Participant: 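Got a structure here, written out as structure tokens. Questions coming.
The chains referred to below are lettered A, B, ... by the order of the sequence lines, with proteins before strands, and numbering in each begins at 1. The structure displayed is predicted, hence computed values, not measured ones.
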Amino acid sequence: MMTRSSSRLHSFFKLKCNFITNSVTTPLSSSRLGLDFSPHSTSLPSLLHSTSFSNNGDRPLSRYQKLTSLDHAFNLFDEMILRTPLPSVVKFTQLLNAVAKLKHFSSCLHLFKQMCVIGVPVSEYSMNIAIRCCCQMSRTNDGFALLGCCFRRAVVPDVCTFNTLLDGLIREDRIVQAERLFKKLIKHKLCEPDVVMYSTMIKGLCKFGNNDIAIGLLRLMDERGCKPDIYAYNTIIDSLCKDKMIEDAFKLFNEMVFAKGIQPDVITYTSLIYGLCNLCRWDEVSKLLKEMEDLRISPSFQTFSILVDAFCKEGSVDEAEAVIDIMVERGEVPNIVTYNSLINGYCLQGEMSKAKTLLDSVMSRGLIPDVITYNSLLNGYCKSLKIEEAIHMFHEVTRKGLNPDMIFYNTMIQGLFSVGRCGDACQLFDEMQAQGQTPNEYTYGIILDGLCSNHQVEEALSLFHLVGDSKLKNNIVVYSILIDGAGKCGKLDIVRALFHELHVKGLQPDVRTYTAMIRGFCRVGLLREAKNLFLKMGERGCPPDNVSYCVLLHGYLKNQHFDDVEILLQQMGRRSYSLDASTLSLLKDRIAAGSLDRGLLKLIGMLVPKELMDSFTGREKKLNGECGL
DNA sequence: GTAGGGTTAG
């Protein structure tokens with residue numbers, strides 16, 4: 001369903017679409033319209049081509065930087081070592097760097113060793129390149145070993161060397177060692193941290209969710225006379241956006257722009273747009289895109305990818321396709337990530353034939369689907385209960401030699417449970433472990449929920465007690481699943497026992513736990529207990545959400561308890577909550593039966609989208625007609 | 001005439 005705001009975003013893009021189409025034929029008129037994203041009057045595609053392969057400004061590329069293949073590099077190296085005298089160490093370093101830039105790290109290390117053998121002196125430059133290769137291959141320990149070797153050859157590490165090693169540690173999630181090294185460098189004055197080193201540490205802290213400490217380090221570097229640059233700010237802004245702390249991100253953004261005078265770039269905007277998309281704050285996304293346009297900051301491939309994904313998740317696949325059209329107009333080539341969003345979008349809507357057609361067309365373009373592509377399709381088939389197609393897809397992936405990951409197994413297991421094939425689901429659960437995939441909390445959640453949904457509450461409980469994992473045993477989500485499952489089977493003794501266990505363990509029930517309890521009480525007609533808990537949850541700092549309201553209301557209606565219906569509907573209206581389909585249908589039944597006053601219709605109208613209300617009242621009129629009312 | 005840091009999907 002497209003929201004009002006996202007449709008506004010869509011108009012913005014339509015404008016862009018028109019602009020791009022116009023710009024192809026009449027480039028001058030588009031710039032007169034002031035809609036040109038490009039920083040220069042040159043057309044965007046050619047601009048992209050001219051800037052993406054050159055990183056040294058206007059200087060011509062050296063023959064080393066022009067290297068495009070490993071063979072070429074090896075031939076050049078062979079030719080160089082035959083020359084007398086040997087070319088300078090600088091030439092060798094340039095060659096090494098070119099190979100490293102091609103991401104052929106082990107070959108680069110091989111060449112470095114060859115250089116040592118034939119007697120080319122090691123410089124701090126060549127050493128740093130070699131160390132970087134180790135780090136990029138997640139072999140930071142080898143990087144440290146290399147540092148030791150070079151040290152013995154009297155090559156002294158500098159701030160670049162340590163930055164590379166710090167980055168390697170962070171890449172390997174060894175944040176404690178990174179922090180230790182950073183502190184040691186400062187304490188023993190081994191080198192003065194520069195802006196890159198601070199930014200690297202900030203990146204590490206953000207990676208581990210320590211946004212506050214990262215901001216602290218940003219302040220510290222400033223105090224120590226090292227001005228934070230756009231890299232440092234972008235890293236924290238991005239991390240805050242990923243953690244849904246968008247207000248803090250904007251606070252830092254304002255500080256960067258207005259207090260520090262640092263101009264935001266496409267990465268700053270892309271991070272903010274990502275954060276806003278995640279929170280469905282479309283108006284602000286649109287505002288930022290406009291701001292970028294005013295500042296002549298051209299959206300990047302990633303900016304577009306984020307928008308494509310956001311539209312798909314929102315259910316607006318058409319709009320996502322429109323964004324892809326703009327990308328193509330700009331000369332960008334959408335990759336498998338872009339199409340995965342689109343395929344997932346179709347799968348979420350249950351449009352499996354469209355998803356499959358798109359997959360075929362993607363493959364015919366030479367793009368190779370990955371495990372994520374197949375996960376989306378598997379999920380789509382499972383959610384649309386097309387289990388045979390899902391199983392077929394599962395086998396196809398295995399046959400292709402792609403290793404199904406844990407998510408893939410989880411999805412398939414959930415699909416099997418959803419059609420009642422508990423035996424097959426449990427068998428796959430065993431098979432997954434035999435294939436070396438360790439089940440996580442999600443897997444157990446799926447299994448426990450699956451068993452309960454298929455009236456096997458006791459089996460679920462015994463599995464729960466059998467698994468020795470403390471992460472599982474102290475997981476409120478798992479408890480909520482069990483409580484909900486037992487409640488749906490009407491096993492109130494188990495529901496109460498589990499809820500009591502929470503208290504004993506000191507685990508805090510969340511809104512889902514309370515809602516599961518309320519659903520359980522309602523199911524067996526214990527409305528007073530349901531109402532009491534509904535009132536209590538708010539007092540305990542966990543106010544009922546939209547689902548809690550629907551569950552209690554549903555319980556009241558089902559049990560012919562009409563006294564509190566109106567007051568609940570009023571409260572929902574004040575909170576801008578909405579009714580779900582099944583509760584709405586029950587309300588309709590009770591009104592048609594004369595148990596509830598028709599005057600409630602106005603109130604109900606405020607709790608459902610207009611289209612649904614029209615069909616609701618339409619159906620009611622028809623029903624009344626049929627009943628001769 | 002050389003080396004180090006940031007953004008995209010279930």
Side-chain angles (χ1 to χ4, degrees), chain A residues 56 59 62 64-65 87-98 100-101 108 122-133 135-136 143 155 157-168 170-171 191 193-204 206-207 228-239 241-242 265-275 277 299-310 312-313 320 327 332 334-345 347-348 370-380 405-408 410-411 442:
Chain A
N56 61 350
R59 261 180 288 131
S62 76
Y64 304 97
Q65 286 164 309
S88 71
V89 61
V90 175
K91 299 282 179 214
F92 277 105
T93 311
Q94 286 179 324
L95 177 65
L96 274 188
N97 195 35
K101 287 259 150 62
C108 181
V122 176
S123 71
E124 56 270 40
Y125 292 96
S126 60
M127 171 184 73
N128 287 345
I129 295 170
I131 290 177
R132 195 170 84 91
C133 288
C135 294
Q136 294 276 341
V155 182
D158 58 9
V159 67
C160 286
T161 322
F162 291 119
N163 286 342
T164 309
L165 287 163
L166 272 175
D167 193 56
I170 291 163
R171 186 183 289 272
C191 73
D194 65 359
V195 65
V196 177
M197 186 170 284
Y198 282 113
S199 304
T200 305
M201 282 311 294
I202 285 174
K203 177 179 73 173
C206 289
K207 194 175 174 188
D229 62 4
I230 190 148
Y231 285 84
Y233 275 103
N234 277 351
T235 306
I236 308 181
I237 288 173
D238 182 62
S239 178
C241 288
K242 288 214 165 73
D265 63 6
V266 62
I267 293 165
T268 327
Y269 277 104
T270 302
S271 293
L272 290 167
I273 288 171
Y274 177 80
C277 282
S300 66
F301 188 92
Q302 281 76 9
T303 324
F304 285 116
S305 295
I306 289 166
L307 292 168
V308 167
D309 194 58
C312 289
K313 285 197 177 122
M327 291 174 81
E332 312 251 24
N335 63 9
I336 190 67
V337 177
T338 325
Y339 287 113
N340 274 349
S341 296
L342 217 53
I343 290 173
N344 191 45
C347 291
L348 289 177
D370 59 12
V371 69
I372 293 165
T373 324
Y374 290 113
N375 266 336
S376 294
L377 287 159
L378 187 72
N379 188 44
D405 61 5
M406 194 178 48
I407 296 168
F408 204 68
N410 285 354
T411 310
Y442 290 101

Participant: Can you check the A:Lys91 NZ to B:dA3 C1' distance for me, whole Å?
Facilitator: 16 Å

Participant: By the 4.0 Å heavy-atom rule, please label A:Thr270 as base, sugar-phosphate, or nothing.
Facilitator: base

Participant: Classify the nucleic acid contact of A:Ile372 as base, sugar-phosphate or nothing, counting any heavy atom under 4.0 Å across all strands shown.
Facilitator: base

Participant: Give A:Lys242 one of three labels, base, sugar-phosphate or nothing, depending on what nucleic acid heavy atoms sit under 4.0 Å from its own.
Facilitator: sugar-phosphate

Participant: Return the set of residues passing salt bridge (charged side-chain N to carboxylate O under 4.0 Å, His left out) with A:Asp238 (not counting sequence neighbours), or none when no residue passes.
Facilitator: A:Lys242

Participant: Rounding to a whole Å, what distance do you find between A:Asn344:CG and B:dA9:P?
Facilitator: 12 Å

Participant: When you compare the side chain of A:Thr161 with that of A:Glu124, does any pair of heavy atoms fall below 4.5 Å?
Facilitator: no

Participant: Using a 4.0 Å heavy-atom cut-off across all strands, classify A:Val371 as base, sugar-phosphate, or nothing.
Facilitator: base

Participant: Closer than 4.0 angstrom, basic N to acidic O: yes or no for A:Arg132 and A:Asp167?
Facilitator: no

Participant: In whole angstroms, how far is the C1' atom of B:dG6 from the CG atom of A:Leu272?
Facilitator: 13 Å

Participant: With a non-hydrogen cut-off below 4.0 angstrom, is A:Asp405 in contact with a base, only sugar-phosphate, or nothing?
Facilitator: base

Participant: Under 3.5 Å, is there any donor-acceptor pair linking the side chain of A:Ser199 to the base of B:dG5?
Facilitator: yes

Participant: With sequence neighbours left out, write down each residue that passes salt bridge (charged side-chain N to carboxylate O under 4.0 Å, His left out) with A:Asp309, or none if nothing qualifies.
Facilitator: A:Lys313

Participant: Spell out yes or no: do the side chain of A:Asp229 and the base of B:dG6 have one donor N/O and one acceptor N/O closer than 3.5 Å?
Facilitator: no

Participant: Counting heavy atoms from C-beta on, name the nucleotide in B:dT8, B:dG6, B:dA3 closest to the side chain of A:Gln302.
Facilitator: B:dT8

